[in-house]
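Let me begin by presenting the structure, written as structure tokens, before commenting on it.
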Amino acid sequence: MTKIAWIGTGHMGLPMARNLIKAGNGLHVYNRTAERAQPLAKDGAVIRRTPAEAAEGADFIFLMLTKGASVKAILTGEDGVLAHLKPNAYVVNMSTIGPEEAKEFARLTSEAGGIYVDAPVSGSVGPAEQAQLVILAGGDRDAVDACRPYLDKLGKATLHFGDVGAGSSAKLAINLLLGVTAQGVGEALLFAEKSGLDREQVLRMISESAVSTKLFEGKKPMYVKDEYPAAFMISLVAKDLGLLADEARRVGLKLPLAEAAGKTYADAEQSGKGELDMAAVWLQLKESGRG
């Protein structure tokens with residue numbers, strides 16, 4: 001029987017792991033804060049004390065963590081995954097990291113006898129719960145295909161962009177568009193408010209217009225209620241736009257909208273809004289008087 005390990009049970013990782021269990025897969029699960037993995041025990045998962053315990057003998061090891069430093073610690077730290085890796089096991093990293101980090105983790109995995117697949121996701125908590133994520137894959141085509149039976153239980157589509165690192169580049173590209181779009185909505189709302197327009201009328205106008213998006217429609221109730229429970233936290237958008245800025249500098253590319261949005265989200269995080277949904281970036285614009 002195929003053994004599967006899942007490491008990382010945060011806002012996204014928990015529902016994703018649960019979908020694999022619902023599909024009939026037994027999981028060995030590790031999370032740094034053990035209590036956050038306990039709900040999966042009720043679903044039949046085996047909770048392990050260390051990454052090494054979860055990964056030992058596993059054919060597929062899925063990682064869903066917040067940043068590259070966390071991935072490196074899980075892979076190479078004391079009781080890490082790579083020291084106990086089964087030969088030719090697949091390490092499927094679904095975390096959002098930089099393309100160069102992905103290449104480095106692929107090298108380390110290969111040296112340990114494993115196969116690395118770069119597979120970050122587009123989508124937030126709702127799509128994760130509904131197995132409607134879009135998976136952005138990078139790596140050897142045969143390796144990606146070997147993972148598809150499991151990726152298909154997590155998302156509605158798996159797009160293969162090329163070698164390792166390409167999936168991470170695709171993730172940064174789509175999150176650039178997300179961040180800029182949400183900031184654009186925020187600036188429009190700020191201008192409308194300063195002009196004396198009714199917010200709900202403005203929101204209806206956007207919905208009826210050519211610039212309405214799935215993102216806007218999903219966030220619209222937040223703007224109406226002025227409540228911003230996190231589906232995609234501002235702190236994570238700030239982190240991703242920081243990764244994008246690093247990659248743009250590396251390749252000698254200037255991205256004015258990305259730079260402006262990156263500063264806004266970073267300022268929002270620093271002002272205490274990091275755990276709010278990205279839609280709350282408009283509150284930062286409002287406070288700063290930008291518009």
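Note that the coordinates shown come from a computational prediction; the quantities given were computed from them, not determined experimentally. Numbers for residues simply follow the sequence, beginning at 1.
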Side chain to side chain donor-acceptor pair (under 3.5 Å) with D246: which residues, sequence neighbours excluded? R249
Using the rule side chain to side chain contact (heavy atoms under 4.5 Å, CB included), only one of M16, H28, R48 pairs with W6; which is it? M16
Distance, nearest 0.5 Å, that separates OH of Y265 from CD of Q270: 15.0 Å
Closest heavy-atom pair and its distance - P120, S95: CB-O, 3.7 Å
Is there a path from L27 to L133 through hydrophobic residues (I, L, V, M, F, W, Y) whose side chains come within less than 4.5 Å of each other? yes
Min side-chain heavy-atom separation L203-L189 under 4.5 Å: yes
Checking S169 against E247 for the side-chain hydrogen bond (donor to acceptor under 3.5 Å, both in side chains) test, could you report, in this order, the C-alpha distance in whole Å, the side-chain angles of both residues, the deciding distance, and whether it holds? CA-CA 9 Å; S169 292; E247 186 65 7; 4.8 Å; no
Could you tell me whether E259 and K254 have a side-chain N and a carboxylate O separated by less than 4.0 Å? yes
Partner set under salt bridge (charged side-chain N to carboxylate O under 4.0 Å, His left out) for K214, not counting sequence neighbours: none
To check you understand the geometry: which heavy-atom pair defines the closest contact between A143 and V117, and what is its length? CB-CG2, 3.9 Å
How about V134 and P127: do any of their side-chain heavy atoms sit closer than 4.5 Å? no
So, using salt bridge (charged side-chain N to carboxylate O under 4.0 Å, His left out) as the criterion, who are the partners of E129 when residues are at least two apart? none
Stepwise side chain to side chain contact (heavy atoms under 4.5 Å, CB included) test for H11 and R36: CA-CA 10 Å; H11 292 297; R36 298 197 69 174; 4.1 Å; yes
Nearest heavy-atom neighbours spanning G274 and M233: O-CB, 3.4 Å
Look only at the side chain of K171 and the backbone of S122, and say whether a donor-acceptor pair between them is shorter than 3.5 Å. no
Within-4.5 Å side-chain heavy-atom neighbours: T9 and L40: yes
Donor-acceptor check, side chain of D118 to backbone of D163, threshold 3.5 angstrom: yes or no? no
Quick check on the hydrophobic clustering: are V281 and L257 connected, directly or via other members, by side-chain heavy-atom contacts under 4.5 Å? yes
What side chain to side chain donor-acceptor pair (under 3.5 Å) pairs are there with at least one residue in residues 234-244, not counting sequence neighbours? N175-D240
Determine yes or no for a side-chain-to-main-chain donor-acceptor pair under 3.5 angstrom, with K3 supplying the side chain and E56 the backbone. yes
CA sep, side-chain torsions, deciding dist, call: L283, K273, side chain to side chain contact (heavy atoms under 4.5 Å, CB included): CA-CA 9 Å; L283 300 178; K273 301 179 186 68; 4.0 Å; yes
Partner set under side chain to side chain donor-acceptor pair (under 3.5 Å) for S207, not counting sequence neighbours: E217, K220
Could you measure the distance from the CD atom of Q183 to the OG1 atom of T181? Nearest 0.5 Å is fine. 10.5 Å
Non-hydrogen atoms of N19 and A128 that approach each other most closely: ND2-O, 2.8 Å
Does any N or O in the side chain of S271 come within less than 3.5 Å of the main-chain N or O of A268, such that one atom is a donor and the other an acceptor? yes
Tell me whether N31 contacts the main-chain N or O of A37 through its side chain, where contact means a donor paired with an acceptor under 3.5 Å. no
Hydrophobic cluster (4.5 angstrom, side-chain heavy atoms) - remaining members for Y116: I7, Y30, I61, L63, L65, V71, I74, L75, V81, L82, L85, V91, I97, F105, L108, V164
Given M94 and L151, is the side chain to side chain contact (heavy atoms under 4.5 Å, CB included) satisfied, shown in steps? CA-CA 10 Å; M94 309 193 80; L151 300 178; 3.8 Å; yes
List for me each residue that meets salt bridge (charged side-chain N to carboxylate O under 4.0 Å, His left out) alongside D59, sequence neighbours excluded, and say none if there are none. K86
By the side chain to side chain donor-acceptor pair (under 3.5 Å) test, which pairs, at least two apart or in different chains, include something from residues 97-107? E100-K103, E100-R250, E104-R107, R107-E111
Taking all atoms of both residues into account, what is the closest heavy-atom pair of A54 and A5, and its distance? O-CB, 3.2 Å
Shared hydrophobic cluster for L244 and M278 (ILVMFWY, side-chain gaps under 4.5 Å): yes
Between CH2 of W282 and CE of M222, what distance do you get to the nearest 0.5 Å? 14.5 Å
Please say yes or no: joined through hydrophobic side-chain contacts below 4.5 Å, possibly via intermediate residues, are F191 and Y223 part of one cluster? no
Do E193 and V202 come close enough that some side-chain heavy atom pair is under 4.5 Å? no
Any side-chain heavy-atom pair of I4 and F62 under 4.5 Å: yes
Report the residues that fulfil side chain to side chain donor-acceptor pair (under 3.5 Å) with D226, sequence neighbours left out, ordered by chain and then residue number. R199, Y228
Partner set under side chain to side chain donor-acceptor pair (under 3.5 Å) for R32, not counting sequence neighbours: none
Roughly how far, to the nearest 0.5 Å, is CD1 of I47 from CD of E35? 11.0 Å
Salt bridge (charged side-chain N to carboxylate O under 4.0 Å, His left out) partners for D140, two or more places apart: none
Quick one: which residue pairs count as a side chain to side chain donor-acceptor pair (under 3.5 Å) with a foot in residues 147-156, not counting sequence neighbours? D145-R148
Taking it one step at a time, do L241 and V237 satisfy side chain to side chain contact (heavy atoms under 4.5 Å, CB included)? CA-CA 6 Å; L241 291 177; V237 182; 3.9 Å; yes
Is the CD atom of Q38 crowded by more than 12 outside heavy atoms at less than 6.0 Å? yes
Under 3.5 Å, side chain of D43 to main-chain N/O of R18, donor-acceptor pair present? no
Which heavy atom of L136 sits nearest to which heavy atom of A170, and what is that distance? CD1-C, 4.0 Å
Do V121 and M12 have side chains that approach each other closer than 4.5 Å (heavy atoms only, starting at C-beta)? yes
Rounded to the nearest 0.5 Å, how far apart are CG of N93 and CE of M64? 9.0 Å
Side-chain heavy atoms nearer than 4.5 Å, only ILVMFWY residues, links allowed to pass through others: does that put V125 and I135 together? yes
Which value, rounded to the nearest 0.5 Å, describes the distance between E187 atom CD and T264 atom OG1? 7.0 Å
Hey, does the side chain of D277 reach the backbone of A231 with a donor-acceptor pair shorter than 3.5 angstrom? yes
